Amino acid sequence: MNEDQLHQIINLPKTELHLHFEGGAPPAFIRGLAKEKNIDLSRIFNEDGSYAYRDFVHFLSVYEAATSVLKTPEDFARLCTAVLEQSAENGVVYSETFLSPDFCGGGDVAAWREYLHAIREAAEAAEKSHGITLRGVVTCIRHFGPEQAKTAALCAAETADDWLVGFGMAGDENKGKQRDYAYSFDMAREAGLHLTSHAGEWRGPQEVREAVEDLGVSRIGHGVRAIGDLAVVDMLAEQGVTLEVCPGSNVFLGVFPSLDKHPIEQLRDRGVNVTVSTDDPPFFHTTMRREYDALAKTFGWDEEIFTELNRTAMQAAFCDADTRDAILKKLERP
Ligand code: ADE
Ligand code: ZN
């Protein structure tokens, strides 16, 4: 692949399905808010200003510490602007982001509505100024437990509409079972929300199977460890379940030792719908452009393959048909 082809690839219009809202916060943004609010957060930063953590579980606690400076709806609106500016700079034209009522009003529905309103206003402004469309997916946090998940699901169900389009689960996959959260997923489904759950990032193929069978999700966050059991891979392919794959995140956190050992190509070759996202870009020193650059160099994927990945993502997107069609048009080559 020559420089010109690589340039074309990294500048393609992109769609991203798996982006944790707070996880998109640039460290300088969080440091700025901490300073404004006189909160000492120095322990979560390295000397070079990046986020400091040792492993995945520590990452989750640093994530929550960083999030603790986001207190008001206005703070979340400012975060939305900062995150969408970064995404738009990377050529992202459509993004779905995980929002957690736990961090936005503590699970209280009335408070959640205020946060959501502020985030949506900021997203609408970014759509006008930067041409990026955002939709929200409420996520419960697995390590906060099934009872707290129900409050997140209730917030999601009460505010489900053409912007708040999905419900999912993030957090520590090693805590409990997927089916412990079935009540919350049922509530979300009945409210018309589309479903996704983190599975097969840390645990094996069985976890991925359980997310599909016990929660009825149409997408899986990560799902990459399904590769350990080809029967699970084939089930994903047959049922058309889409994986929100975050290769840079997986390599940074040590799920796979390097990108050339990552199973994204094998999964794709076996017929699974794979898509590409960043997860928590500043935490993992990645961007959508960097993901495309690394995938093109490692697997030799050409522009056609990346365009196909983006189309796959839009087919699996949780937005309405008009939005999907409008974004699919943006993905067409001129
Ligand atoms: N929350 C933020 N990033 C996450 C990840 N990669 N896995 C699980 N929960 C998360
Ligand atoms: Zn994630």
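We number each residue from 1, following the sequence as shown. Counting starts at 1 for both ligands and their atoms, in listed order. Keep in mind the model is a prediction, meaning the values are calculated, not measured.
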Going by an N to O cut-off under 4.0 Å, is there a salt bridge joining Arg219 and Glu96?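 Judged by the 4.0 Å cut-off on N to carboxylate O distance, Arg219 and Glu96 do form a salt bridge.
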side-chain hydrogen bond (donor to acceptor under 3.5 Å, both in side chains) partner of Gln178, chosen from Glu213, Glu207, His198, Glu210: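 Exactly one option meets the side-chain hydrogen bond (donor to acceptor under 3.5 Å, both in side chains) with Gln178, and it is Glu207.
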Indicate the ring-plane relationship of [X] and [Y], choosing parallel, tilted or perpendicular according to the 30° and 60° boundaries.
{"X": "Phe252", "Y": "His285", "answer": "tilted"}
{"X": "Phe76", "Y": "Tyr115", "answer": "perpendicular"}
{"X": "Phe283", "Y": "Tyr51", "answer": "parallel"}

Do Thr278 and Glu16 have side-chain atoms, one donor and one acceptor, less than 3.5 Å apart?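 On atom types as modelled, these side chains qualify, holding a pair under 3.5 Å.
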Are any of the heavy atoms in Phe283 under 4.0 Å away from ligand 1?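 No, Phe283 has no heavy atoms under 4.0 Å from ligand 1.
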Using non-hydrogen atoms of the residue, decide whether Gly23 is closer than 4.0 angstrom to ligand 1.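 It does not; every heavy atom stays at 4.0 Å or beyond.
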Between Arg270 (side chain only) and Ala237 (backbone N and O only), is there a donor and an acceptor less than 3.5 Å apart?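 Not at all, since once roles are kept as given, no pair shorter than 3.5 Å links the two residues.
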Show which atoms of ligand 1 fall inside a sub-4.0 Å distance from at least one heavy-atom site of [X].
{"X": "Tyr63", "value": "2 (C)"}
{"X": "Glu201", "value": "5 (C), 6 (N), 7 (N), 8 (C)"}
{"X": "Phe59", "value": "2 (C), 3 (N), 4 (C)"}
{"X": "His222", "value": "6 (N)"}
{"X": "Ala170", "value": "9 (N)"}

Where the Zn ion (ligand 2) is the corner point, what angle links NE2 of His198 with OD1 of Asp279, to 10°?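 Roughly 170°, rounded to 10°.
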Would you give the angle at the Zn ion (ligand 2) between His20 atom NE2 and His18 atom NE2, to the nearest 10°?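 Roughly 110°, rounded to 10°.
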Cationic tip of Arg135 within the cone over Phe318's six-membered ring, i.e. under 6.0 Å and within 45° of the normal?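 No, Arg135 does not sit over the ring of Phe318.
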Option with minimal heavy-atom separation from atom 6 (N) of ligand 1, where the choices are Asp280, Asn250, Leu253, Asp279: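 Shortest heavy-atom distance from atom 6 (N) of ligand 1: Asp279.
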Give the residue, atom name and distance (to 0.1 Å) of the protein heavy atom nearest atom 9 (N) of ligand 1.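 In this structure, atom 9 (N) of ligand 1 has Gly171 N, 2.9 Å as its nearest protein heavy atom.
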For atom 4 (C) of ligand 1, which protein heavy atom lies nearest, and how many Å away is it?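 The protein heavy atom lying closest is His20 NE2, 3.5 Å.
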Which bit of Glu173 is near ligand 1, meaning a heavy atom under 4.0 Å away: side chain, backbone, both or neither?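 Neither part.
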Report the C-alpha distance between Asn90 and Tyr292 in whole Å, list the side-chain angles of each, state the deciding distance to 0.1 Å, and finish with yes or no for side chain to side chain contact (heavy atoms under 4.5 Å, CB included). CA-CA 10 Å; Asn90 276 276; Tyr292 279 37; over 6 Å; no
